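Fair warning: this is a prediction, and the values are worked out from it, not measured in the lab.
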Amino acid sequence: MARHACEARQEARHHDGRRGKLSAAAEVPLLVEAEGPVRILRLNRPHRLNAVSLPMYEALEAELARIGADFETRVVILTGTGRGFCSGADLKAHRDHEASLAERHAYIDTSQRVYRALQTLPQPVVAAVNGHAIGAGCELALSCDFVIVAEEARLRMPEVALGTFIGGGTAYTLRRRVGHARAAELILLGRYFTPAEAHAWGLANEMLPAAEVLPAARELAARLARNAPISMRLAKRLLDRAESVDAEEALRLEAEALFTCMASEDWREGLEAFAEKRDPAYRGK
């Protein structure tokens, strides 16, 4: 199993609290593991329950850009190191360091690009929520295509109560997924909700004991990786656009996608494998 540390801008960096300067970080905010066609991205600030930071967002953005251009990677798993998934913004760091206007823009813009990159990545993304997912952590998980959450986890979007604000397009997407009343309850009240509630509302695919979350995510990723990559990428793209097009446009896009599939080598491989009663060996061509 290949493993490397992903560091944005050559070295991971963090605020050192002195007049807004940046210094080399003592931590590597993101770990990347390669398991065949699957990439596992581990948020790696366990001493802060993987609270997000600008270096973490930068590392995620850089790695997601690499993955999006890599046809060898077919599925991505996002999880946390240690006992938490992600506790949200690092409020202690924000309190201890008064960010400049430029730093605020960098933090906000980079974070929003990361959410959108997860949502639009060509490959499916599985969130293995191994522990608490609070604020930005919850929004990162909800930006993924599949969510497997630990039964022990606590979920919450407390930003309004803390005088800050949600990210990842949550005010838009959550309302469409769970309805206005439920979205208002979760965003305006910022109350904790359980994995069982998330599952019942369609925000999580599965809930399991914490020790079983990553193995289940690996199993799901392996199943997804066996699919035809071109078909899967096109399907994810259409799912992302589903609510922004009308029925006629949806039919046109599906026909266009089918035409693309029929012109691929994988189309022929799928037909041959079906006829020969064997598993297909798709190449993404």
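For the pair Ala198 and Leu155, the tightest heavy-atom approach, listed with the atom from each and the gap, is CB-CD1, 3.9 Å. The heavy-atom pair separating Ala141 from Phe85 by the smallest distance is CB-CE2, 4.0 Å. What you find for Gly131 and Ala150 is that their closest heavy atoms are N-CB, 4.4 Å. Among all heavy-atom pairs drawn from Pro195 and Ala153, the shortest one is CD-O, 3.3 Å. The nearest pair of heavy atoms linking Gly68 to Pro122 is O-CG, 3.8 Å. Nearest heavy atoms, Tyr115 versus Ala136: OH-CB, 3.4 Å.
With sequence neighbours left out, the side chain to side chain contact (heavy atoms under 4.5 Å, CB included) criterion links Thr170 to Glu139, Met157, Ile166, Leu174, Ile187. Residues forming a ring pair (Phe, Tyr, Trp, His ring centres under 6.0 Å) with Phe193 (at least two apart in sequence, or on another chain): Trp201.
Heavy-atom neighbours of Glu276 CD from other residues, nucleotides or ligands within 6.0 Å: above the threshold of 12. Summarising the local packing, CZ of Arg177 is surrounded by more than 12 heavy atoms from other residues, nucleotides or ligands at distances under 6.0 Å. The local environment of CG in Asp246 is crowded, with over 12 non-hydrogen atoms from other residues, nucleotides or ligands closer than 6.0 Å.
Looking only at distances, no side-chain donor or acceptor of Asp266 sits under 3.5 Å from a matching main-chain atom of Ala228. Looking only at distances, no side-chain donor or acceptor of Glu72 sits under 3.5 Å from a matching main-chain atom of Gly36. Checking side-chain atoms of Arg156 against main-chain N and O of Gly190 turns up a donor-acceptor pair under 3.5 Å. In this structure a side-chain-to-backbone donor-acceptor pair under 3.5 Å is present from Gln123 to Thr73. Arg42 places no side-chain N or O within 3.5 Å of a backbone atom of Thr79 that could act as its donor or acceptor partner. In this structure, Asn50 contributes its side chain and Arg45 its backbone to a donor-acceptor pair below 3.5 Å.
A salt bridge is absent between Glu219 and Arg223; no separation between the charged side-chain nitrogens and carboxylate oxygens falls under 4.0 Å. A salt bridge between Glu269 and Arg283 is absent, with no side-chain N of the basic residue lying under 4.0 Å from a carboxylate O of the acidic one.
No single ILVMFWY cluster, assembled from side-chain heavy atoms under 4.5 Å apart, contains both Val75 and Tyr282. Side-chain heavy atoms closer than 4.5 Å link hydrophobic residues (I, L, V, M, F, W, Y) into clusters, and following such links, possibly through other members, connects Tyr57 to Leu142. Hydrophobic clustering places Val147 together with Val76 (ILVMFWY residues linked when any side-chain heavy atoms are closer than 4.5 Å, directly or through intermediates). In the hydrophobic clustering of ILVMFWY residues, with side-chain heavy atoms under 4.5 Å counting as a link, Leu186 and Leu189 come out apart. Tracing side-chain contacts under 4.5 Å through hydrophobic residues (I, L, V, M, F, W, Y), one reaches Leu140 starting from Leu64; they form part of the same cluster.
At a threshold of 4.5 Å between non-hydrogen side-chain atoms, the residues Ile77 and Val38 count as touching. Between Ser87 and His132, every side-chain heavy-atom pair lies at or beyond the 4.5 Å cut-off. Between Leu78 and Leu43, the closest side-chain pair of non-hydrogen atoms falls below 4.5 Å. At a threshold of 4.5 Å between non-hydrogen side-chain atoms, the residues Pro158 and Val160 do not count as touching. Taking the side chain as every heavy atom from C-beta outward, Asp70 and Arg39 approach each other to under 4.5 Å.
Taking CD of Glu185 as the reference point, atom CZ of Arg191 lies at 4.0 Å (rounded to 0.5 Å). With values rounded to the nearest 0.5 angstrom, Ser143 atom OG is found 11.5 Å from Leu121 atom CG. Distance OH/Tyr107 to CD/Gln112: 10.5 Å, rounded to 0.5 Å. For the atom pair Thr81 OG1 and Leu49 CG, the distance stands at 11.5 Å (nearest 0.5 Å). Taking CG from Leu220 and CG from Asn205, the interatomic distance works out to 7.5 Å, rounded to the nearest 0.5 Å. Note that CD of Glu152 and CG of Asn130 are 10.0 Å apart. Values are rounded to the nearest 0.5 Å.
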| request: Please step through side-chain contact (heavy atoms from CB on, under 4.5 Å) for the pair Cys261 and Leu234, ending with a clear verdict. | output: CA-CA 9 Å; Cys261 291; Leu234 290 169; 3.8 Å; yes
| request: For side-chain contact (heavy atoms from CB on, under 4.5 Å), just list the numbers for Ile230 and Trp267, CA-CA rounded to whole Å, side-chain angles, deciding distance to a tenth of an Å, and then say yes or no. | output: CA-CA 9 Å; Ile230 294 172; Trp267 166 272; over 6 Å; no
| said: Working note: Glu63 + Leu41, criterion side-chain contact (heavy atoms from CB on, under 4.5 Å); need CA distance, chi angles, decisive distance, verdict. | reply: CA-CA 9 Å; Glu63 190 61 31; Leu41 309 185; 3.8 Å; yes
| task | Could you please spell out the steps behind the side-chain contact (heavy atoms from CB on, under 4.5 Å) verdict for Leu224 and Met232? | result | CA-CA 9 Å; Leu224 289 165; Met232 196 156 55; 4.2 Å; yes
| Taking it one step at a time, do Glu58 and Thr110 satisfy side-chain hydrogen bond (donor to acceptor under 3.5 Å, both in side chains)? | CA-CA 7 Å; Glu58 290 174 331; Thr110 307; 5.3 Å; no
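Residue pairs meeting the side chain to side chain donor-acceptor pair (under 3.5 Å) criterion with at least one member in residues 249-258, sequence neighbours excluded, are Glu249-Arg252, Arg252-Glu256. Evaluation of the side chain to side chain donor-acceptor pair (under 3.5 Å) test over residues 225-238, restricted to residues two or more places apart or in two chains, returns Asp145-Lys236. The ring pair (Phe, Tyr, Trp, His ring centres under 6.0 Å) pairs that include a residue from residues 133-185 number zero, where partners must be two or more places apart or lie in different chains. Sorted by first then second residue, the salt bridge (Lys or Arg N to Asp or Glu O under 4.0 Å) pairs that include residues 111-136, not counting sequence neighbours, are Glu61-Arg113, Arg116-Asp240.
No side-chain donor-acceptor contact under 3.5 Å links Glu159 and Thr164.
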